[in-house]
Amino acid sequence: MNPLLELHALGQRIWLDNLSRTLLREGALQKLIAEDGVAGVTSNPTIFFKAISDSPYYRDELAALKRDAKLTAEQRYERLAVADIQAACDLLRPLFDNSGGEDGFVSLEVSPALAHDSAGTIAAGKRLKAAVSRDNLLIKVPATPAGVAAVETLIGAGCSVNVTLMFSLQHVRDIAQAYRRGLQKWIAGGGDARRVKSVSSLFLSRVDTLVDKELEALGGGALALRGKSAIALAKLAYQEYRNIFNGAEFAALAARGARPQYLLWASTGAKNPAYRDVIYVESLIGPQTVNTLPDATLAAFRDHGRAQPTLESGITEAHQQFDALARAGIDMRKVGEELQTEGVALFEQSFTQLLGLMAPAAIMTAS
């Protein structure tokens with residue numbers, strides 16, 4: 001059996017961390033949905049930069065948009081991105097309907113330039129939701145302090161949200177509480193809790209990259225701790241998830257039809273070639289979770305992945321890993337904040353490059 005389909009039987013959903021008109025128009029995304037059980041799609045500025053740079057299917061529309069001097073670069077980008085997101089939402093709509101609104105979502109990110117601007121993020125999220133006009137859209141918001149406030153407001157307004165750039169247990173706790181408060185506001189205003197969906201995206205491989213670098217600088221016995229921090233973080237985050245969403249605090253909301261905020265494993269392509277290429281898939285398989293995979297990782301798991309329930313094993317070892325890191329002088333909360341700052345900067349850089357493609361003088365690199 002296709003191991004990707006086995007993940008579905010174990011309660012985990014696989015999303016594709018990619019989107020382009022090539023995938024949409026040449027049938028590749030439809031095939032992944034039909035044959036591999038792909039149940040959602042995530043996008044970001046880096047993904048759209050690559051798509052618009054590489055795919056020939058944007059050329060004519062982008063040329064026409066550039067001739068309209070009234071449009072800003074960001075407006076040109078949004079015209080292209082919204083059309084792609086709508087097409088992906090429509091492909092996944094049957095899955096959304098058949099699952100009662102549990103599956104079939106597509107994520108569209110607000111401008112990374114708004115990462116520290118709550119009001120701007122809220123306005124952009126509402127505007128993008130209206131522009132896409134699809135029930136299975138997730139507005140993607142970073143888990144910065146400003147983003148936490150924006151998540152609460154957007155959920156309170158009935159917007160479904162994918163919270164991105166999470167790197168620590170504190171991020172998990174803060175976002176879960178923002179989601180809970182937002183749901184309370186939505187329901188208090190007469191909203192239907194079943195119409196709101198949220199996932200919180202915990203980034204993994206970047207954690208190992210940074211922590212491993214610090215461990216290598218320490219040397220000696222610290223080297224034995226390499227390659228284990230991200231998986232330990234995810235396993236402990238899942239315990240937090242269970243405590244929050246299976247506990248008394250969420251029970252009243254659940255009774256009104258509110259959905260738990262599933263953890264989503266992001267940054268799941270192994271960056272260190274010394275590690276198994278599907279390490280961030282095989283080690284974190286469990287119910288009520290999502291794993292968004294880049295194309296290469298998805299293909300690798302289809303080829304040689306092992307689908308077994310692993311997420312709730314090794315919890316003691318995960319605690320021991322965190323304890324050992326602390327003894328070595330590595331503060332995982334500090335690591336999380338550093339990685340979030342770095343992630344915002346990288347996405348801002350990608351967004352700037354993306355807007356460069358939208359300028360009238362930009363030279364398309366599509367083949």
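Under the side-chain hydrogen bond (donor to acceptor under 3.5 Å, both in side chains) criterion, no residue pair touches residues 108-118, with sequence neighbours excluded. For residues 6-31, the set of pairs meeting the ring pair (Phe, Tyr, Trp, His ring centres under 6.0 Å) definition, not counting sequence neighbours, is empty. Screening residues 314-329 for side-chain hydrogen bond (donor to acceptor under 3.5 Å, both in side chains), with sequence neighbours left out, gives S229-Q321. Applying the side-chain hydrogen bond (donor to acceptor under 3.5 Å, both in side chains) test to every pair with at least one member in residues 21-38, sequence neighbours left out, gives these pairs: N2-D36, R21-E61, R21-D84, T22-S55, E26-Y57, D36-R302.
At a threshold of 4.5 Å between non-hydrogen side-chain atoms, the residues Q349 and L346 count as touching. With contacts defined as side-chain heavy-atom distances shorter than 4.5 Å, the pair V141/V163 does not qualify. In this structure, the side chains of V41 and L23 stay at 4.5 Å or more apart for every pair of heavy atoms. Side-chain contact between L284 and L311 is present, with heavy atoms from C-beta onward closer than 4.5 Å.
Contacts of F245 classified as ring pair (Phe, Tyr, Trp, His ring centres under 6.0 Å), with partners at least two apart in sequence or in another chain: Y241, F250. Judged as a side chain to side chain donor-acceptor pair (under 3.5 Å), and not counting sequence neighbours, the contacts of S198 are Q261. Not counting sequence neighbours, Y280 has no partner by the ring pair (Phe, Tyr, Trp, His ring centres under 6.0 Å) test. In this view, K50 and D54 satisfy the salt bridge (charged side-chain N to carboxylate O under 4.0 Å, His left out) rule, not counting sequence neighbours. For K197, the salt bridge (charged side-chain N to carboxylate O under 4.0 Å, His left out) partners two or more places apart in sequence, or in a different chain, are E102. With sequence neighbours excluded, the residues that form a salt bridge (charged side-chain N to carboxylate O under 4.0 Å, His left out) with E240 are R173. Considering only residues two or more places apart in sequence or on other chains, R76 meets the salt bridge (charged side-chain N to carboxylate O under 4.0 Å, His left out) condition with none of them. By the side chain to side chain donor-acceptor pair (under 3.5 Å) test, E214 pairs with no residue at all, sequence neighbours left out.
Counting only distance, with no hydrogens or angles, the side chain of T121 and the backbone of L114 share a donor-acceptor pair below 3.5 Å. Between the side chain of S313 and the backbone N or O of T310, at least one donor-acceptor pair lies under 3.5 Å. R134 places a side-chain N or O within 3.5 Å of a backbone atom of V132 that can act as its donor or acceptor partner.
A side-chain N or O of S267 and one of S205 form a donor-acceptor pair less than 3.5 Å apart. Side-chain contact annotation: R180 with Q177, donor-acceptor N/O pair under 3.5 Å present.
Across D17, N18, T164, a single residue satisfies side chain to side chain donor-acceptor pair (under 3.5 Å) together with T42, and that is D17. Checked against M358 for a side-chain contact (heavy atoms from CB on, under 4.5 Å), the options I52, T72, L71 give a single hit: I52.
A salt bridge links R242 with E312: the closest approach of a Lys/Arg side-chain nitrogen to an acidic carboxylate oxygen falls below 4.0 angstrom.
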